[in-house]
Amino acid sequence: DGGITQSPKYLFRKEGQNVTLSCEQNLNHDAMYWYRQDPGQGLRLIYYSQIVNDFQKGDIAEGYSVSREKKESFPLTVTSAQKNPTAFYLCASSMKWSGNTEAFFGQGTRLTVV
Amino acid sequence: GNSVTQMEGPVTLSEEAFLTINCTYTATGYPSLFWYVQYPGEGLQLLLKATKADDKGSNKGFEATYRKETTSFHLEKGSVQVSDSAVYFCALSSAGYSTLTFGKGTMLLVSP
């Protein structure tokens, strides 16, 4: 089955730790995205990538980093510089970089700072 | 910049009631408009979309019409079911860009 796989589903981070969230897609999509969801705030764009080896900051990139070494993979690292990392993180992909293209979402990773 | 405003929830309805969730937007040019649905603990799924003025998107009994003159994209369904209980997000993407700007989401609760 084609789709987007995020792992892990739940992740706990201690203060001062970096953690990496995995996102893999087998849809052969060019574009990939990371969004953060907080209760009552909708989704906000962290980073996006239009093509392999290229990515751009979204609206809330501070404290996060990404890489896009392979077309199917777009991991997100939440660094210790992110002041309030507890949130639900959603990875998405779309076939091409175009305004009317449907985005497909993964099941999400819930990150909690302990 | 782009923005999306949708009605706050939760919206509580009885089964078979009529549903309207209001959505208005601010954007330059001619954005594409989307409704996504999120079931508890899951990611988002595309419900419907419209890419130009006066287009009507529809899926699973839900409908929304792209109204450029009122910058709106209200979601409607004639008869809701318990299984429609979820959070609904209105979103837009600017022409030539595929990043999405989301509203804050509206929770729908349908009781038997």
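Remember, it's a predicted structure, so these values are computed and weren't measured experimentally. Numbered from 1 within each chain, the chains take letters A, B, ... in sequence-line order.
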Counting neighbours of CD on B:E69 that are heavy atoms of other residues, nucleotides or ligands and sit closer than 6.0 Å, is the number greater than 12?
yes

Per-residue contact mode, B:L100 against chain A (heavy atom under 4.5 angstrom):
both

Here the salt bridge (Lys or Arg N to Asp or Glu O under 4.0 Å) pairs for residues 76-98 of chain B, sequence neighbours left out, are B:K77-B:D84

Looking at every heavy atom in both B:T65 and B:K56, which two are closest together, and how far apart are they?
OG1-CE, 3.6 Å

What's the shortest heavy-atom distance between B:F102 and B:A91, and which atoms?
CD2-CB, 3.7 Å

Identify which part of B:E8 has an atom lying under 4.5 Å from any heavy atom of chain A, answering side chain, backbone, both or neither.
neither

Is it true that the side chains of B:S98 and A:Y48 contain a donor and an acceptor less than 3.5 Å apart?
no

Here the pair of heavy atoms bringing A:S94 nearest to A:Y33 is OG-OH, 2.5 Å

For chain B, which residues of residues 103-114 of chain A have heavy atoms nearer than 4.5 angstrom
A:A103, A:F105, A:G106, A:Q107

If you check every heavy atom in residues 66-86 of chain A against those of chain B, which residues fall under 4.5 Å?
none

Taking everything shown except B:Y30 itself, do over 12 heavy atoms lie less than 6.0 Å from its OH?
no

Got a second to check how far A:C23's SG is from A:I4's CD1, nearest 0.5 Å?
5.5 Å

Could you go step by step and tell me if A:Q6 and A:L90 meet the side-chain contact (heavy atoms from CB on, under 4.5 Å) rule?
CA-CA 8 Å; A:Q6 289 187 241; A:L90 288 160; 4.2 Å; yes

Which atom pair, heavy atoms only, marks the closest approach of A:F88 to B:Q38?
CE2-NE2, 3.6 Å

Under 4.5 Å from a heavy atom of chain A, the part of B:T51 involved
side chain

Could you walk me through whether A:Y47 and A:Y64 satisfy the side-chain contact (heavy atoms from CB on, under 4.5 Å) test, starting with their C-alpha distance in whole Å, then the side-chain angles of each, then the deciding distance to 0.1 Å, before giving a yes or no?
CA-CA 8 Å; A:Y47 268 97; A:Y64 300 97; 4.1 Å; yes

Please classify the contact between B:Y36 and chain A as side chain, backbone, both or neither, with a heavy-atom cut-off of under 4.5 Å.
side chain

Proximity of residues 34-44 of chain A to chain B, residues having a non-hydrogen atom under 4.5 angstrom
A:Y35, A:Q37, A:G40, A:Q41, A:G42, A:L43

Can you name the closest pair of heavy atoms from B:T101 and B:S3 and give their distance?
CG2-CA, 4.1 Å

As a quick check of understanding, evaluate salt bridge (Lys or Arg N to Asp or Glu O under 4.0 Å) for A:E102 and B:K49, giving each step before the final call.
CA-CA 8 Å; A:E102 173 184 357; B:K49 73 176 185 181; 6.0 Å; no

Could you check whether atom CG of A:L27 has more than 12 heavy atoms from other residues, nucleotides or ligands sitting under 6.0 Å from it?
yes

side-chain contact (heavy atoms from CB on, under 4.5 Å) between B:N59 and B:W35, worked out
CA-CA 10 Å; B:N59 186 26; B:W35 277 101; over 6 Å; no

